[in-house]
Q: 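The structure is given below, and queries will be raised subsequently.
We're numbering straight along the sequence, starting at 1.
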Amino acid sequence: MLDLGLPFASGKLEKRGEDRISSTSMALNALFYTWTENGQLISSTPAEVYKCMFAGSEWLMDNVLTGKYKTYNVVFSGSVKSVSDHPFFYPANIIEYLNGTKVSPNCNTSCISPDLLDAVNGIFNESDYMQQLKEKHFGEATPETFYGYNTPDNQFMPFWSSEPFTYASAMLALTQYRAYFNNLNDGGH
């Protein structure tokens with residue numbers, strides 16, 4: 001897991017641009033796959049899309065290897081990021097281990113394990129759901145307020161980032177750009 005050493009969210013916008021290379025690459029790849037066919041721009045492509053493809057590709061080409069921007073991306077984030085989104089503390093009508101052993105929601109948190117399935121099957125009867133909202137699940141009250149990620153109470157939101165994935169995505173976007181614009185210069189649309 002990558003430890004970014006970032007401060008807790010302060011409630012104000014903080015521009016870091018840690019995923020600019022990755023997000024630009026992904027956006028360009030989406031545009032190329034959507035608006036080109038066989039290395040040629042589809043005739044109905046809006047001018048704004050063409051400009052984004054060109055300007056984004058030029059920016060990526062100028063910046064991908066400079067080291068000016070970090071190459072962070074999120075290839076996976078932790079499934080549970082705080083107590084307020086822990087699935088075991090919410091109403092459920094299936095609570096059992098993977099081997100089929102039923103578990104009481106009155107059990108404390110020591111019953112929670114990677115083998116525990118806590119889910120809703122079908123449509124929850126509204127009155128049952130409202131009743132369960134008032135009950136404790138594994139010794140905890142159902143969270144009713146979400147305070148966001150990376151708050152002092154939550155402490156962190158783990159994620160895994162892959163620098164090779166960022167570079168591979170950028171290389172794909174720039175390869176498509178080069179193929180398209182070379183074709184354009186050769187008389188393609």
Q: At what distance, to the nearest 0.5 angstrom, does OG of Ser23 lie from OH of Tyr69?
A: 11.0 Å

Q: Stepwise, does the side chain to side chain contact (heavy atoms under 4.5 Å, CB included) test hold for Tyr33 with Leu172?
A: CA-CA 11 Å; Tyr33 279 111; Leu172 177 60; 3.9 Å; yes

Q: Between Thr66 and Asn63, is there a donor-acceptor pair closer than 3.5 Å when you use the side chain of the first and the backbone of the second?
A: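 The answer is yes, because a donor-acceptor pair under 3.5 Å joins these two groups.
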
Q: Leu133: which other cluster members, linking ILVMFWY side chains closer than 4.5 Å, directly or transitively?
A: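 Besides Leu133, the hydrophobic cluster comprises Val120, Phe124, Tyr129, Met130, listed by chain and residue number.
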
Q: To the nearest 0.5 Å, tell me how far Ile95 CD1 sits from Leu117 CG.
A: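 Interatomic distance, Ile95 CD1 to Leu117 CG, rounded to 0.5 Å: 9.5 Å.
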
Q: Quick one: list whatever passes side-chain contact (heavy atoms from CB on, under 4.5 Å) with Lys136, sequence neighbours left out.
A: none

Q: Just to verify, what does Thr142 make a side chain to side chain donor-acceptor pair (under 3.5 Å) with, not counting sequence neighbours?
A: His137

Q: So does Ile123 have more than 12 non-hydrogen atoms from other groups sitting under 6.0 Å from CD1?
A: no

Q: Considering residues at least two apart in sequence or located in another chain, which fulfil the side-chain contact (heavy atoms from CB on, under 4.5 Å) criterion with Ser127?
A: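 For Ser127, the residues satisfying side-chain contact (heavy atoms from CB on, under 4.5 Å) (neighbours in sequence not counted) are Asn125.
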
Q: In residues 51-59, what donor-acceptor pairs under 3.5 Å come from side-chain atoms, sequence neighbours left out?
A:
| residue | atom | partner | partner atom | Å |
| --- | --- | --- | --- | --- |
| Ser57 | OG | Met53 | O | 2.7 |
| Glu58 | OE2 | Tyr177 | OH | 2.0 |

Q: For Asn99, which residues count as a side chain to side chain donor-acceptor pair (under 3.5 Å) partner, sequence neighbours excluded?
A: Thr101

Q: If you compare all heavy atoms of Ala173 against all heavy atoms of Ser25, which two are closest, and at what distance to 0.1 Å?
A: CB-O, 3.9 Å

Q: For residues Leu65 and Met171: do they belong to one hydrophobic cluster (side chain heavy atoms under 4.5 Å, members Ile, Leu, Val, Met, Phe, Trp, Tyr)?
A: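 The answer is no; the residues belong to distinct hydrophobic clusters.
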
Q: Would you compute the distance between atom CG of Leu41 and atom CG of Leu31 and round it to the nearest 0.5 angstrom?
A: 10.5 Å

Q: So how far is it from Tyr180 OH to Trp35 CH2, rounded to the nearest 0.5 Å?
A: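 CH2 of Trp35 is found 12.5 Å from OH of Tyr180.
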
Q: If you take all heavy atoms of Thr109 and Glu140, which pair is closest and at what distance?
A: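 That closest heavy-atom pairing would be CG2-CG, 4.4 Å.
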
Q: Any side-chain to backbone donor/acceptor pair from Asp115 onto Tyr97? Under 3.5 Å, distance only.
A: no

Q: For the pair Leu116 and Cys111, evaluate side chain to side chain contact (heavy atoms under 4.5 Å, CB included) and give the outcome as yes or no after the intermediate values.
A: CA-CA 8 Å; Leu116 182 64; Cys111 295; 5.6 Å; no

Q: State which residues pass side-chain contact (heavy atoms from CB on, under 4.5 Å) with Thr166; sequence neighbours excluded, sorted by chain then number.
A: Ile21, Ser22, Thr71, Asn73

Q: Among all residues two or more places apart in sequence or in another chain, which pass the side chain to side chain donor-acceptor pair (under 3.5 Å) test with Asn29?
A: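 Expected list: Ser169, Gln176.
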
Q: Can you list everything that forms a salt bridge (charged side-chain N to carboxylate O under 4.0 Å, His left out) with Lys102? Sequence neighbours excluded, please.
A: Glu96

Q: Restricting to side-chain contact (heavy atoms from CB on, under 4.5 Å), what partner residues turn up for Ser110, sequence neighbours left out?
A: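 side-chain contact (heavy atoms from CB on, under 4.5 Å) list for Ser110, sorted by chain: Asn108.
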
Q: Working to the nearest 0.5 Å, report the span between CD1 of Ile112 and CZ of Phe138.
A: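 Between Ile112 CD1 and Phe138 CZ, I get 5.5 Å after rounding to 0.5 Å.
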
Q: Please list all pairs meeting salt bridge (charged side-chain N to carboxylate O under 4.0 Å, His left out) that have one or both residues in residues 19-34, counting only residues at least two apart or in different chains.
A: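 Passing the test, one end in residues 19-34: no pairs.
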
Q: Looking at CG of Leu60 and CG of Leu174, how far apart are the two atoms once the value is rounded to the nearest 0.5 Å?
A: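 If we round to the nearest 0.5 Å, Leu60:CG and Leu174:CG are 4.5 Å apart.
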
